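Quick note on labels: first sequence line is chain A, next is B, and so on, each numbered from 1. Please read all numbers here as calculations on a predicted model, not as lab measurements.
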There are 2 protein chains.
Amino acid sequence: MVSIKDVAALAGVSDRTVSRVASGDTKLLRPRTRKKVLKAIEELGYVPNRAAQMMRTSRSLVLGLMTDVVATTPFSTDIVRGIQDALESTPYTLLTINTSGDPAKEARSWQTFREHGIDGVLYVTMFHRQLPVTTQFPSIPVVLVNCSAPAHPERPYIVPDDYRGGYDAAAHLLAKGHRKIAYVALNEHILAADLRGSAFLDALAAERVEARGDWIVPGLVGDVFKDRFVAFENVTRILKQADRPTGIVCGNDEIALQCYCAALELGLKIPDDVSIVGFDDFQAVSNVVEPKLTTMALPYHEMGSLAVETLVGMLKGTPPKVLHTKYRCKLIERASVCQQNHPAEDTDLPARLTIEP
Amino acid sequence: MVSIKDVAALAGVSDRTVSRVASGDTKLLRPRTRKKVLKAIEELGYVPNRAAQMMRTSRSLVLGLMTDVVATTPFSTDIVRGIQDALESTPYTLLTINTSGDPAKEARSWQTFREHGIDGVLYVTMFHRQLPVTTQFPSIPVVLVNCSAPAHPERPYIVPDDYRGGYDAAAHLLAKGHRKIAYVALNEHILAADLRGSAFLDALAAERVEARGDWIVPGLVGDVFKDRFVAFENVTRILKQADRPTGIVCGNDEIALQCYCAALELGLKIPDDVSIVGFDDFQAVSNVVEPKLTTMALPYHEMGSLAVETLVGMLKGTPPKVLHTKYRCKLIERASVCQQNHPAEDTDLPARLTIEP
DNA sequence: TTGCCAAATGTCGACGTCGAAATTAGATGT
DNA sequence: ACATCTAATTTCGACGTCGACATTTGGCAA
C-alpha cells in the first residue's frame, strides 16, 4: 500500500505537506509545491487511507443505513435512491445493514455500526409506522425515515403525510364529480392504513357524501409481511351489485391492480364505468397497466434526500430546522379517473349542500 | 472512545490479553482470565475499533457492492437480498455505492473503495448484459453478478441462464398443448431479450411449430432506462385477429401485465382464451394479478448468495470452483396457463411430426 | 523440593494520518 | 546587509490494535 510517506519521498517534501495537498488544504501551500506533490500522487496512484484518517480524527465519514427490509423490497427503494443521490454531494459513504425486522439482528447491527465508527445513522422502515417504545438508540445522530419514535421525541423523523394523501385521493374523485365511492384498505395493522382510511371518511364527510359501510373493504389481510391480497374478491363482489360505485380509492397500487383485474373481468371499462385511484405511485404497476393509473405518489425520494440533509447538518452541528417533518404526497394524474356527471337521482345529498359555498 | 487499554486496566490484565479475548482466541486463555475480561468488556461497553484493526492487519472486513441501479430498482432487489443474507454468516459488512451507470461515477467509486480498503467487490448490474471492453477493474477480487466481461475472462461471473429460461417458458406452453403462441419481446437492446427470443424460436422449432412473424412483437421500445411499453397495443392488435394465439410468452412480468389488460379489455378470459407466461417472477405483479401469473423466476437470490460465497472464498485464497456460472431459471406455475386441447384443424403441422418420438 | 516445559500472559512497535508546535524560507523595509 | 515578520514547511507524537517475540506462571515428574 502506497502511503503518504512514499509520496513525500518521491516529491521531496515532508509527509505532512503531502497530507495537506491530499486534503485540499490550499491556503498554506505554494502552488509550485502543490503541483509537485500532485504529480507524485498521480504517479504512485496514492489513495488516502480512511482507516488511518479515522484513527487520527475519530470521524469515519461513513453513515449507516439501517433498514428493516426497505433496501430489498420494491416498494420503498426510492427512499434509498433519494439517500444515495443526496450523499453524492457530501463526503460520506454508506454502510448498509438490513435487519429483516429482527430485534436481535438490529442490536447486532448497532454494534457493527459502532465498530465502524459510523458518524450517523439513517433508520428507515418499509412501512410508515411508529416504533415500539422498546426501540433503543445509541447516542449518535440518527434520523428516522418513514417512522416515528414516540418514546424518543428528541429524534428527528421524516414521514409522509398519509392522512392528507388519503384525503386528497378521495377529494380528487369527489372533485371529478364522483359521489359513489368505495375504499379498499391496506392491511389494518399498518399505520398508513389507519391514516388514509380515516382521511377517506373525513373527505367524504366534508362533502356530505355517504360512506357506505359495505363499500369499505380490506384489500389485504393477515400479519404484515405475510399478508394476502383479498381486494380482487371484495371488489368483484361490490362491482357486481346493480348499484355499484363509480370510483374506488385504493390503499396502494397493488390493490388498484387487483381492482383493474376485477373490473376488466366483469367487462367494466376503466375509467368510464369505474374510476380508480391508487396510492404509492409504484411505477412497475402504475405506469404499466392500461389505462395508466392515477395515483397518490409518496414523496420517498425527497424524504431520503431530506434525511441525508438533516443528518449531515446534525453532524456539522446544525440542529434540524424542523425536528419532525410530514412530507406531502403528490397526486399523479394519469388515465384511470374520469369526470363523472352524476345524474340527480344518483346523488343522495342533504338539501343543505346547495347552500355550501 | 473506550479502548482495549481501558478494559485491560479494569480487568487487571495486559491489553494484549484483552485483544485475544475480544477476537475469540480461546486456545491460549485461561477460562478464569477470559471471564474476568469479558466482564470488564461488558461493563465498559467496549467495542473493537475496526479502523485500528484494519491498520494493523490491512484487511477491512468490508466488501463493496457496486451497482448500476440495482439497489434502487424494484426488479433485481433479490440479488441484494441474497447478498445480504449470505453475508450474515460471514464477518463482512457491505459498503454500497450506486453508479447510476455513469462511468465517471464508477471510476470515483473504485477510488472510494480503495480508500476504504475494501477487501473485495460485488459488481452487480440491473440487466443481464455484457460489460463493454472499456470496463476496467482494479486488482482486487471482484465477482460480477448478472453480467459478464468478455475482456476479463479471468474474472468470475454469475448470470442467469436466460436462453434456457426462455426455452423452458415456451416449452411449457407447448407441453400444455398450445400450438399457436405469440412472443412479446423485451427491449431489443438487452442481452436477455436476445437470449430469450432466440430460445423461443428454437423451442418452437424443436416441436415443429410455426413461429408466426406477426406474432413476435416488441413489448418495450426505446433506449434502455428510457423505454416505453408498447405491449398493450401490439397484443391488442394480435388478439383482435380472428385467428389468434392461444398462448403468449412475455419478455417480463410487466409486459405480461400489459397482456392481461389487453386480453381482459377484449373480453378474453385468462387462461381459457389466452394463456400467458411471464418472466422474472416480479412478485408485485405476478402474485397480485388475477388469475396469478405463471412465470419464469430468475434465480436472483441464489445468484447473490453464490456471489458472496465465491468472493469470500477468493478472499480466503480458495479460487472459485466454477469461474463462470449460469444459473438456471425456475418456472413458477400459477394460474395463467391452461391445458389446450387443440382441435385438428388448428394444427397446421407438417406430416412428419407424426413420426416424431 | 527442584527443575523443566508448556501454557498463559506481557512488552514492544508499527500500521498511515493529521493536530499542535517548532522550524525554516522568503518577502519587506531600513 | 540585516532585522523583522509572515508564509510555508517540517517534526513529533498519538490514535487502537495485534503480530512477533519475551517473560512469567503453574503443573507435574523426578
Side-chain angles (χ1 to χ4, degrees), chain A residues 1-41 44-62 91 111-119, chain B residues 1-41 44-62 91 111-119:
Chain A
M1 164 135 248
V2 32
S3 89
I4 215 168
K5 284 182 183 149
D6 303 313
V7 178
L10 179 62
V13 297
S14 80
D15 54 357
R16 194 61 190 73
T17 301
V18 177
S19 167
R20 287 222 181 76
V21 175
S23 57
D25 197 345
T26 26
K27 294 170 212 176
L28 243 47
L29 277 172
R30 239 179 341 173
R32 187 150 45 97
T33 315
R34 207 178 106 82
K35 197 176 292 179
K36 198 166 53 179
V37 173
L38 245 23
K39 181 156 163 285
I41 286 179
L44 295 176
Y46 164 78
V47 164
N49 179 326
R50 293 253 197 171
Q53 291 180 322
M54 181 188 163
M55 279 206 53
R56 191 64 189 73
T57 62
S58 63
R59 299 193 331 142
S60 64
L61 295 183
V62 177
Q111 158 122 358
T112 304
F113 279 169
R114 281 229 288 151
E115 290 179 10
H116 281 281
I118 294 287
D119 292 332
Chain B
M1 165 136 245
V2 32
S3 88
I4 216 169
K5 286 186 180 145
D6 304 313
V7 178
L10 179 62
V13 297
S14 81
D15 54 355
R16 194 62 191 73
T17 301
V18 177
S19 166
R20 279 199 264 264
V21 174
S23 56
D25 198 344
T26 26
K27 295 171 210 178
L28 244 48
L29 279 172
R30 243 184 335 177
R32 187 148 44 97
T33 316
R34 208 178 105 82
K35 197 176 294 178
K36 197 166 56 181
V37 172
L38 245 24
K39 181 156 162 286
I41 286 179
L44 295 177
Y46 165 78
V47 164
N49 180 326
R50 294 251 196 172
Q53 291 181 321
M54 180 188 164
M55 280 207 54
R56 190 65 188 73
T57 63
S58 63
R59 301 195 327 142
S60 64
L61 294 183
V62 176
Q111 158 123 357
T112 305
F113 280 169
R114 281 227 289 153
E115 290 179 11
H116 282 280
I118 294 288
D119 292 331

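To the nearest 0.5 Å, atom NE2 of residue A:H116 and atom CD of residue A:Q111 are 10.5 Å apart.
Inter-residue side-chain proximity for B:M1 and A:S58 is flagged as unmet; no heavy-atom pair is nearer than 4.5 Å.
Residues B:S60 and B:G117 share a closest heavy-atom pair of OG-O, 2.7 Å. Between B:A51 and A:M55, the shortest heavy-atom contact is CB-CG, 4.1 Å. When every heavy atom of B:R50 is checked against every heavy atom of B:P91, the shortest pair comes out as NH1-O, 3.8 Å. Considering all non-hydrogen atoms of both residues, B:V7 and B:Y46 come closest at CG2-CB, 3.5 Å.
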Assess the residue pair A:V13 and A:K36 against the criterion (side chain to side chain contact (heavy atoms under 4.5 Å, CB included)); give the C-alpha distance rounded to whole Å, side-chain angles, the decisive distance to 0.1 Å, and a yes or no. CA-CA 9 Å; A:V13 297; A:K36 198 166 53 179; 4.0 Å; yes
Could you please spell out the steps behind the side chain to side chain contact (heavy atoms under 4.5 Å, CB included) verdict for A:M54 and A:L61? CA-CA 8 Å; A:M54 181 188 163; A:L61 295 183; over 6 Å; no
Evaluate the side chain to side chain contact (heavy atoms under 4.5 Å, CB included) criterion for residues A:D6 and A:L10: first the C-alpha distance (whole Å), next the side-chain angles of each, then the deciding distance (0.1 Å), finally the verdict. CA-CA 6 Å; A:D6 303 313; A:L10 179 62; over 6 Å; no
At a cut-off of 3.5 Å, list every protein nitrogen or oxygen paired with a nitrogen or oxygen from nucleotides 24-28 of chain D, distance to 0.1 Å.
none

Could I get a table of every N or O pair under 3.5 Å where one atom is in the protein and the other is in nucleotides 14-20 of chain C?
| residue | atom | partner | partner atom | Å |
| --- | --- | --- | --- | --- |
| C:dT17 | OP1 | A:Y46 | OH | 2.6 |
| C:dT17 | OP1 | A:N49 | N | 3.0 |
| C:dT17 | OP2 | A:I4 | N | 2.6 |
| C:dC18 | OP1 | A:Q53 | NE2 | 3.0 |
| C:dC18 | OP2 | A:S19 | OG | 2.6 |
| C:dC18 | O2 | A:R56 | NE | 2.6 |
| C:dC18 | O2 | A:R56 | NH2 | 3.4 |
| C:dG19 | O4' | A:R56 | NH2 | 3.2 |
| C:dG19 | N7 | A:R16 | NE | 3.0 |
| C:dG19 | N7 | A:R16 | NH2 | 3.2 |
| C:dG19 | O6 | A:R16 | NE | 3.3 |

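Proximity of a side-chain donor or acceptor of B:T33 to a complementary backbone N or O of B:L29 within less than 3.5 Å is not detected.
Axis angle across the helix from C:dT1-D:dA30 to C:dT30-D:dA1, with five pairs used at each end and values rounded to 10°: 40°.
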